[in-house]
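Computed from a prediction, not measured in an experiment: that's the story for all the values here. All ligand and atom numbering here is 1-based and tracks the order in the structure.
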Amino acid sequence: IPVDDFDLVIFGGTGDLARRKILPGLYRRFVAGQMPAEARIIGAARSELDDEGYRQDVRDALKEFLAKADQSEEQIAAFLSRLHYVSIDARGEDGWKELNQLMRDGVVRAFYFSVAPALFGDLAERLHHHKIAGRDSRIVVEKPFGRDLESAKALNATLAEHFDETQIYRIDHYLGKETVQNLMVVRFANVLFEPLWNAQYVDHIQITVAETVGVGGRGSYYDKSGAMRDMVQNHLMQLLCLIAMEPPSRFDPDAVRDEKLKVIRALDPVDPADIVRGQYEAKGKANSYIDDVENDESRTESFIAMKLHVSNWRWAGTPFYIRTGKRLRARQSEIAVVFKDAPHSIFGAQAGRHRNILTIRLQPNDGMKLGVTIKEPGPGGMRLIDVPLDMTFADALGSDGEAVPEAYERLIMDVVRGNQTLFMRGDEVEAAWAWTDPIINGWQDRDDRPHEYEPGTAGPEEAAMLMHRENRRWRDIK
Ligand code: BG6
């Protein structure tokens, strides 16, 4: 179903994110028939290019970043004809008149700020001054949204000078992932799970976002951020919110975001003994973290594991263990809800410990599995085994997984539709920083050093201890 007609301006239209994610995503929506016949995409950046030059650059990007199966010469040519380019100076006057002339009236106007946050204010100011953006326009901003509470507040205040909250779309691409949205449907459209979704029945919850990549070419950004700012404050926090939140009364943007905000506000401060930070070592030809960021003194973490408490009626006493890291054994993102043991085992001690675990997998092979205990078939007596009820979406839906839109495609289309449900509200981002800041400041005050870990593992040993000491264990990364 096509969305409303739109003009989408991408500031930073020649940048890495635009080439890698935004434009390939838009192309896929174009091929899927979701882009109205007249809709246009306008790249805006500093480089001196004309429309043809930009189209050539985008053609190269599509060839590089689209799956081969998605590439069709004919479709690419048709898509490129929707593209325009304006060379613009975010801090000066060049290009703004040209941009204004390009924009059509009576269509959705969206402006994607795919640029450094330091330029948000300049762009907002000029869009307003040149009357290019009005009451109905939408702006899209990317993470990092600030690096602490103070800078996030300043960014929010800058944007608020020219735009209402209803016009601001703060992207966290994890919210665009298929499974993340499905999590809400599974929780709130089935009677099966919600009655058990609390401290009485859930022993603990694990959230893992493991990556195999290192920090490679992004060293200078990453070393100032670390896993806490780069992943926990946003992506892992969003997953935690969706798992832990109360049922919203409606699936509407503010009802959902109100509930998420309450979760963040209910997070306890974290005891330093419940945090393990790590940095990867060198292995074979691969660099160590220190080499990658070219900073011998770096104390920044490329891995973090933590135990958190959501202090409210539903979750009191049920810990949430979260971890994320670079250069781990596998690329694997999942949430595991580990239920308590049955209150009494009628099958005796030899039956062993069996518990139900619901795993919600974001990538790869998105889907869910519910571990159920059954009798081992055969004449061997009452032996119990755990088998998965497998709900891998690609199998269940008979698709090869390709048809599922990627996070960015879905989110950009939501901007055009004017649906903010999957975008972070300003107060959510601030609350997340308010929780993160004291933790990071504590490391600085105590001069805390990360543990080293071997690439290709599940992170430092100390992270395993975080669980072992409480008789629990992380799920395998494999
Ligand atoms: C980004 C982080 O937001 O998310 C990266 O800045 C990280 O460091 C990436 O690699 C992970 O995203 P995905 O979709 O590949 O899990």
TODO: Taking the six-membered ring for Trp and the single ring otherwise, decide whether the centroids of Phe320 and His204 are under 6.0 Å apart.
DONE: no

TODO: Assess the pair Phe303 and Tyr280: is the distance between their ring centroids shorter than 6.0 Å?
DONE: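 Here the rings of Tyr280 and Phe303 have centres that are no less than 6.0 Å from each other.
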
Please name all residues satisfying salt bridge (Lys or Arg N to Asp or Glu O under 4.0 Å) with [X], sequence neighbours left out, ordered by chain then number.
| X | result |
| --- | --- |
| Lys224 | none |
| Arg46 | none |
| Asp268 | none |

Task: Contact residues of ligand 1 (heavy atom under 4.0 Å), by chain and number - done: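 For ligand 1, the contacting residues are Lys143, His173, Tyr174, Lys177, Glu211, Arg218, Asp230, Met231, His235, Lys326, Arg331, Gln363.
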
Task: Salt bridge present between Lys262 and Glu259 (N-O < 4.0 angstrom) - done: yes

